[in-house]
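Just so it is clear: chains get the letters A, B, ... in the order the sequence lines come, proteins before strands, and each one is counted from 1.
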Amino acid sequence: MPMPPRFAVKVSVMATKTIRVEALTRVEGEGAVRLTLRDGRITRAQLRIFEPPRFFEALLRGRSFTEAPDITARICGICPVAYQMSAVHAMENALGLEVSGPVRDLRRLLYCGEWIESHALHITLLHAPDFLGYASGIEMAREHGDAVRRGLALKQTGNALIALLGGREVHPVTVRVGGFHRLPSKAELLALTDRLEQAREAALDTVHWTAGFEFPACDRDYTFLALQHPTEYPFNEGRIVSNRGLDIAPAEFEAHVEEHQVKHSTALHAQLRAAGAYLTGPLARYNLNFERLAPIARQAALEAGLTHRCTNPFRSIVVRAVEVLHACDEALRIIQRYEQPEDADIEIAPRAAMAIAATEAPRGLLYHRYRLAADGTITEARIVPPTSQNQAAIEEDLQCFATEYLTQPDARLRERCEQLVRNHDPCISCATHFLQLEVAGR
Amino acid sequence: MPERIVKPRLGVWKFASCDGCQLSLLDCETQLLTLSETIDIAYFPEAASRAPRGHYDLSLVEGSITTPADEARIQTVRRRSKYLVTIGACATAGGIQALRNFADIRAFSAAVYARPAYIRTLATSSPIAAHVPVDFQLHGCPVNKHQLLEVISAFLAGRRPGIATHSLCMECKSRGHPCVLVAHGTACLGPVTQAGCGAICPGCNRGCYGCFGPQDSPNTPALSEALTALGLSRAQLQRLYRTFNADAAAFRSESERHGD
C-alpha cells in the first residue's frame, strides 16, 4: 500500500474546494486539518483527530484508587505529571486529605519542571520554526544554534527537576496518593540552584527572543477558562473561572461544560453550556492570573510588549516563555524555603466517594473524576484533557484567520493552518480516549 | 575532492501510544543535535514538517497496533526499513491499552460508550512483532534514553546493542539499594522484570511495577508465592502483572493463574 500523501487538494465541484493538511507535524499525536471552501470562502474548518483510542476510562474500572496516578500518566508522555497531579488530588479530595507544607510545595515544584520542559520543547523545537521559516528545530539549529541550544538547555533543566523528584523524566515514579514515595533532601534540591538560576536567565532571554518574532495582527474574543488561586499562579488548586464571570468549584465542572461528539474527530469537543467554545492553557491562565505571576515574569511580559491581556493566539509563544520564567522563579523560591519533612506520605483509608480535581497541565485545564467503591476500587472514570476543550476554539481560529490566507498558494496556506493549530500546542495523544468504538476485524 | 558522506536515514513512527518513548529521543537534547550531525533524521513528524519518502536505514517504532489502518501501515513501514526497532512497552508488548485483550471488547465499550462508532478499532492491542519481523525490541514504559541512544548507535555501527536482559535485581544490587521485598516486605516485580530503568522504584522505597516487562528467564510462579506470603490477594496479584506489559507472554500467563 502506498503511503498516504501528506498533502492532497481535492476539487469536487468548480466552486467548492477542500484543502487538507493530512498529517499535522510538530504536534504531539496524530491529527489533520480540513478546510471546506465555497466560492472563495471558508464554510467549514475542522481539526480532525484520528489518533487511535486507548480506552483509559474503561481500563481504569476495577483498578485500585492508588493505581490511578501511574495508569493515567500513560495517557501522555509529554505531560505525565499533570495526569498524576489531577489523579492524586482527586483521590485526596474524595478521601478527606489535604496535603500541605513541604509536600504540597514539592508537587508544585514537580509541576514547575513539567511546565519548563513541555513549554521549552514547544517553543524551541515545535513552534519557533514557524516564525523563522524552518521545517524543524533541528534544521533551525544550523542558523539559530544559540537559541536552539538555550531552549534545549532549558528543557534539560525542567527534566532534571522532574528526574530528581520523580526518578525519571517521562512517567515519574514517586508520586502517590497521600504524598510521595520518596522525598528529596534539601541538599539535593540546592544542588539544582545554579542550573535553575541559569534557566531563569535563559527564560528571560527566551521571552525577549520570541517577542521579536513577527506576529500577524489579529485578536480573538476568546472565552478563557483557567484555575484561579487567591495568591498563586495556578498549578494544583483553585476555582475554575472565566473572563465571562464563571466562578465554580472543580466539582461543578460537568454542570457547566458539556461534551459532544463530532464525526471528524476521535476526541469529544467540550463546550461551555452558556458560552460555547472556550480556550484553556497558557493564554487563559495569563489573562486570568496576570497579577499572580512572579514579579520578574510580569515585568518581562511588559518589557516584551504584552499587557495584562493577550488575545492574539500567535503571541502564545511569548506567553509560554513568560510562564517558563515564572516556573523557574517559583522553583527557586520553593527550593529556598524547603525543609525536608519526616513523613513522605500520609496513610489514607479508602471509602465510597466521588473523586474530583482539576489541575493546570502545560496545555491547560485537566479534569479528572472517579467514582470509588468502599474498598477504593474505581468503578467509573472520566477525564477531560485540555486539548478536548480547545478543539472548538482551534476550529474557530482556523475559520477566522485562514480566510485571510486564501489568496496564498495552497502550500503556504497549509503551513499557515498548521501554525494556527500549533499556536495552542495541542496534545492529541491526550485528547483521544473518548472514542466511539466500532469493532472491526472479528 | 572529499568524498561525499551519505548519512544513514532514521525514521520515527508512531502507532497507539502516549508519545513518551519518542519524547525520550527529544529528551536526549544536546545529544540529539550531535546525533543529527551523523544521521539524517528523515522522518520524525513530532519534531519536523517533512513527509515520509524513500527508505530508512533504521526505523524506530513506537506504539501498538489497534486499528485496521495501522495494521496496513506497519507493513509499509517494514518494507521501507532496513532495520526496524520497536521502542517501548506499547510496540513491544501492546502497552496498557492491551488490557482490552483481557476484556470482552463489546462489554468493555458498552460500559463506556453509548453512541455508534465513527472510527474503526480492533478488538485487541497487539505488539509490532505480531505483524512484521522486528530486528530488536527495546523494553520500557518509557524506554530509557541512554538505552535508546545505545540501540541507535549499535544499529548504525552494524553491531549488536549492548542491552542487558537479566532481572532488575542485578541492577538494584549494583546500586546498593536495600531489597524492598526482603527488607521491607514491599511487593516488587523486580525479580521477574528486565533491568534498564536504573532500579528507580526500589531506589525510591517502592516496589518495581514491571514497566520494563519480563526479563529473559522469569520465574513468575516463585515470585507469586513470595508475594502471596506477604499477604497479596489473588486479585492484587493479577493487577500487579496486568499493567503496562500485561500481554507480554510471561506476565500474561502468570496473571491468568490469579484473579478472582
Heavy atoms only: give me the nearest Gly207(B)-Val180(B) pair and the separation to one decimal. CA-CG2, 4.0 Å
Does a side chain donor of either Ser64(B) or Thr66(B) reach within less than 3.5 Å of an acceptor in the other side chain? no
Side chain, backbone, both or neither: which part of Cys141(B) has a heavy atom under 4.5 Å from chain A? both
Using the rule given for side-chain hydrogen bond (donor to acceptor under 3.5 Å, both in side chains), can you reason through Arg242(B) versus Ser255(B), listing the C-alpha separation, both sets of side-chain angles and the distance that settles it, and then say yes or no? CA-CA 7 Å; Arg242(B) 285 191 183 167; Ser255(B) 77; 2.8 Å; yes
Part of Phe244(B) lying under 4.5 Å from any heavy atom of chain A: side chain
I'd like to verify something: which residue of Arg168(A), Glu169(A), His171(A), Arg182(A) has the highest number of heavy-atom pairs under 4.5 Å with chain B? Arg168(A)
Under a 3.5 Å cutoff, is there a donor and acceptor pairing between the side chains of Ser118(A) and Arg363(A)? yes
Heavy atoms only, distances under 4.5 angstrom: which of Cys90(B), Gly63(B), Pro142(B) has the most pairs with chain A? Name it, please. Pro142(B)
Test item: side-chain donor near acceptor, Ser81(B) and His55(B), under 3.5 Å: no
Tell me, for Arg63(A) versus chain B, whether the close heavy atoms (under 4.5 Å) come from the side chain, the backbone, both or neither. both
Please state whether the side chain, the backbone, both or neither of Ile71(A) comes within less than 4.5 Å of a heavy atom of chain B. both
Is it the backbone or the side chain of Glu380(A) that comes under 4.5 Å from a heavy atom of chain B, or both, or neither? neither
We want to know whether Tyr241(B) and Glu256(B) form a side-chain donor-acceptor pair, criterion being a heavy-atom distance below 3.5 angstrom. no
